[in-house]
Q: 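Before I ask anything, here is the structure I am working with.
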Protein chains: 2
Amino acid sequence: MAEDPRRPFDVFSGACPSREVLEHVTSRWGSLTLAALSPEPARFGELRRCVDGVSDKMLSQTLKALEADGLVERHVQSTLPPNVDYRLTPNGETVAAAVKQLILALYAVMPEVMESKAQSA
Amino acid sequence: MAEDPRRPFDVFSGACPSREVLEHVTSRWGSLTLAALSPEPARFGELRRCVDGVSDKMLSQTLKALEADGLVERHVQSTLPPNVDYRLTPNGETVAAAVKQLILALYAVMPEVMESKAQSA
DNA sequence: CAGAATCCAACCCGATACTG
DNA sequence: CAGTATCGGGTTGGATTCTG
């Protein structure tokens with residue numbers, strides 16, 4: 001990737017703010033959470049069930065990071081029982097769409113990837 | 001998520017092989033390494049300099065994981081000094097292209113993301 | 001230059017228990 | 001249901017040293 005002085009962000013630089021956001025998006029649960037929220041909002045429990053393996057703590061933590069980045073919005077209705085859902089902001093949709101494309105690209109290559117792994121083992 | 005024989009892979013399932021590959025690709029240094037290798041092959045030292053902050057150990061470890069997945073190829077020329085370069089396989093190019101699109105999506109939203117972060121602080 | 005090996009601190013993250 | 005608080009083990013991963 002060539003340097004472009006007109007493009008103010010560069011994930012390859014450790015000091016660039018975009019690096020931190022990339023790490024949120026590509027964190028262990030970040031990409032799955034974003035993908036799970038697109039295109040439909042989801043409640044906390046739905047997300048936990050959808051994203052297999054995530055704990056309450058990590059899901060909460062992941063959602064907070066994405067919320068602070070302005071990619072996810074938290075909607076609270078103070079009913080009983082409490083009704084909270086999470087939805088993507090427009091920016092979140094932009095990023096989630098790219099994440100889903102990455103997952104689709106992965107699916108496309110998985111058959112051959114599994115052959116590679118079988119041989120290297 | 002139910003099994004669908006027509007779509008054999010599902011990253012949301014913790015047991016699916018695609019989950020592991022996704023974690024390699026979205027690991028701390030995985031996405032940056034893939035992006036740095038597209039479209040030009042690169043040598044070890046070039047990568048280490050390009051991917052700001054990565055250590056020898058982690059770069060080596062990341063490259064090995066991607067190589068075992070069949071996304072990266074290691075080319076050795078036993079000269080002196082040793083000349084080794086890493087290049088993407090066709091499958092690696094497919095995935096790297098998606099990673100680069102994700103990074104571009106990130107750049108597009110970064111200005112507003114930074115505003116969000118400033119306000120939440 | 002391209003890595004392997006070792007050591008060890010930091011923190012990630014899961015389990016558990018608890019709250020409104 | 002939707003989380004928070006605390007604890008502790010296990011892994012991550014950086015620094016350093018060494019080799020071909």
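Letters go in sequence order (proteins before strands), and every chain restarts at 1.
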Q: Applying the side-chain contact (heavy atoms from CB on, under 4.5 Å) criterion to S31(A), which one of V99(A), L102(A), I103(A), T62(A) satisfies it?
A: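 The passing option is V99(A).
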Q: Using a cut-off of less than 4.0 Å, is there contact between a side-chain N or O of R43(A) and OP1 or OP2 of dC1(D)?
A: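 No, R43(A) has no side-chain N/O under 4.0 Å of OP1/OP2 on dC1(D).
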Q: Among the candidates dA15(D), dG3(C), dG3(D), find the nucleotide nearest to the side-chain atoms of K57(B).
A: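 Within the option list, the nearest is dA15(D).
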Q: Measure from NE2 on H75(A) to P on dA2(D) and round the result to the nearest Å.
A: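 Interatomic distance, NE2 of H75(A) to P of dA2(D): 15 Å.
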Q: OP1, OP2 of dA4(C) versus side-chain N and O of S60(B): anything below 4.0 Å?
A: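 For S60(B), the contact criterion (side-chain N or O under 4.0 Å from OP1 or OP2 of dA4(C)) is met.
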Q: What integer distance in Å separates L32(A):CG from dC13(C):C1'?
A: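 In whole Å, dC13(C) C1' and L32(A) CG are 15 Å from each other.
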Q: In Å and rounded to the nearest 0.5 Å, what is the CH2 to OG distance from W29(A) to S60(A)?
A: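 Going from CH2 on W29(A) over to OG on S60(A), the span is 14.5 Å.
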Q: In whole angstroms, how far is the P atom of dG3(D) from the CG atom of L63(A)?
A: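 Distance, rounded to whole Å: 8 Å.
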Q: Within the structure provided, determine whether F12(A) and L32(B) are in side-chain contact (heavy-atom separation under 4.5 Å).
A: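 F12(A) vs L32(B): side chains touch.
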Q: If I take atom CG in residue L59(B) and atom P in nucleotide dG3(C), what distance separates them, rounded to the nearest angstrom?
A: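 About 8 Å, once rounded to whole Å.
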Q: Which one of D69(A), V11(A), L66(A) satisfies the side-chain contact (heavy atoms from CB on, under 4.5 Å) criterion with V21(A)?
A: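 Output: one option passes, namely D69(A).
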Q: For dT4(D), does either OP1 or OP2 sit under 4.0 Å from a side-chain N or O belonging to K64(A)?
A: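 Checking K64(A) against dT4(D): at least one side-chain N or O falls below 4.0 Å of OP1 or OP2.
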Q: Roughly how many Å is it from CG in D85(B) to C1' in dG3(C), rounded to a whole number?
A: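 Roughly 15 Å, once rounded to whole Å.
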Q: R74(A) side chain: which of dA2(C), dA4(C), dG3(D) is closest?
A: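 Nearest listed nucleotide: dG3(D).
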Q: Could you check whether R48(B) gets within reach of a base, just the sugar-phosphate, or nothing at all, counting any heavy atom under 4.0 Å?
A: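 Nothing: the residue R48(B), judged by heavy atoms under 4.0 Å, touches no strand.
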Q: Report yes if at least one side-chain N or O of R28(A) is closer than 4.0 Å to OP1 or OP2 of dT12(D); otherwise report no.
A: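 No, because none of the side-chain N or O atoms of R28(A) sits under 4.0 Å from OP1 or OP2 of dT12(D).
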Q: Provide, to the nearest angstrom, the distance between the CG atom belonging to D56(B) and the P atom belonging to dA5(C).
A: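 It works out to 14 Å between those atoms.
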Q: Of all the nucleotides listed (dC1(D), dA2(C), dG3(D)), which has the minimum atom distance to the side chain of Y86(A)?
A: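 Between dC1(D), dA2(C), dG3(D), the one nearest the side chain of Y86(A) would be dG3(D).
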Q: For the side chain of M58(B), starting at C-beta, report the closest nucleotide among dC1(C), dC13(C), dG13(D).
A: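 Nearest nucleotide to the side chain: dG13(D).
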Q: In whole Å, I'd like the distance from the CG atom of N83(B) to the C1' atom of dG3(C).
A: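 Rounded to whole Å, this separation is 14 Å.
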Q: P82(B) side chain: which of dG20(D), dA4(C), dG14(D) is closest?
A: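 So the side chain of P82(B) is nearest to dG20(D).
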Q: Please check if the number of heavy atoms outside E93(B) that lie under 6.0 Å from its CD is greater than 12.
A: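 Enclosed: over 12 neighbouring heavy atoms sit under 6.0 Å from CD of E93(B).
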Q: If I take atom CD in residue E23(A) and atom C1' in nucleotide dG13(D), what distance separates them, rounded to the nearest angstrom?
A: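 Rounding to the nearest Å, CD of E23(A) and C1' of dG13(D) are 13 Å apart.
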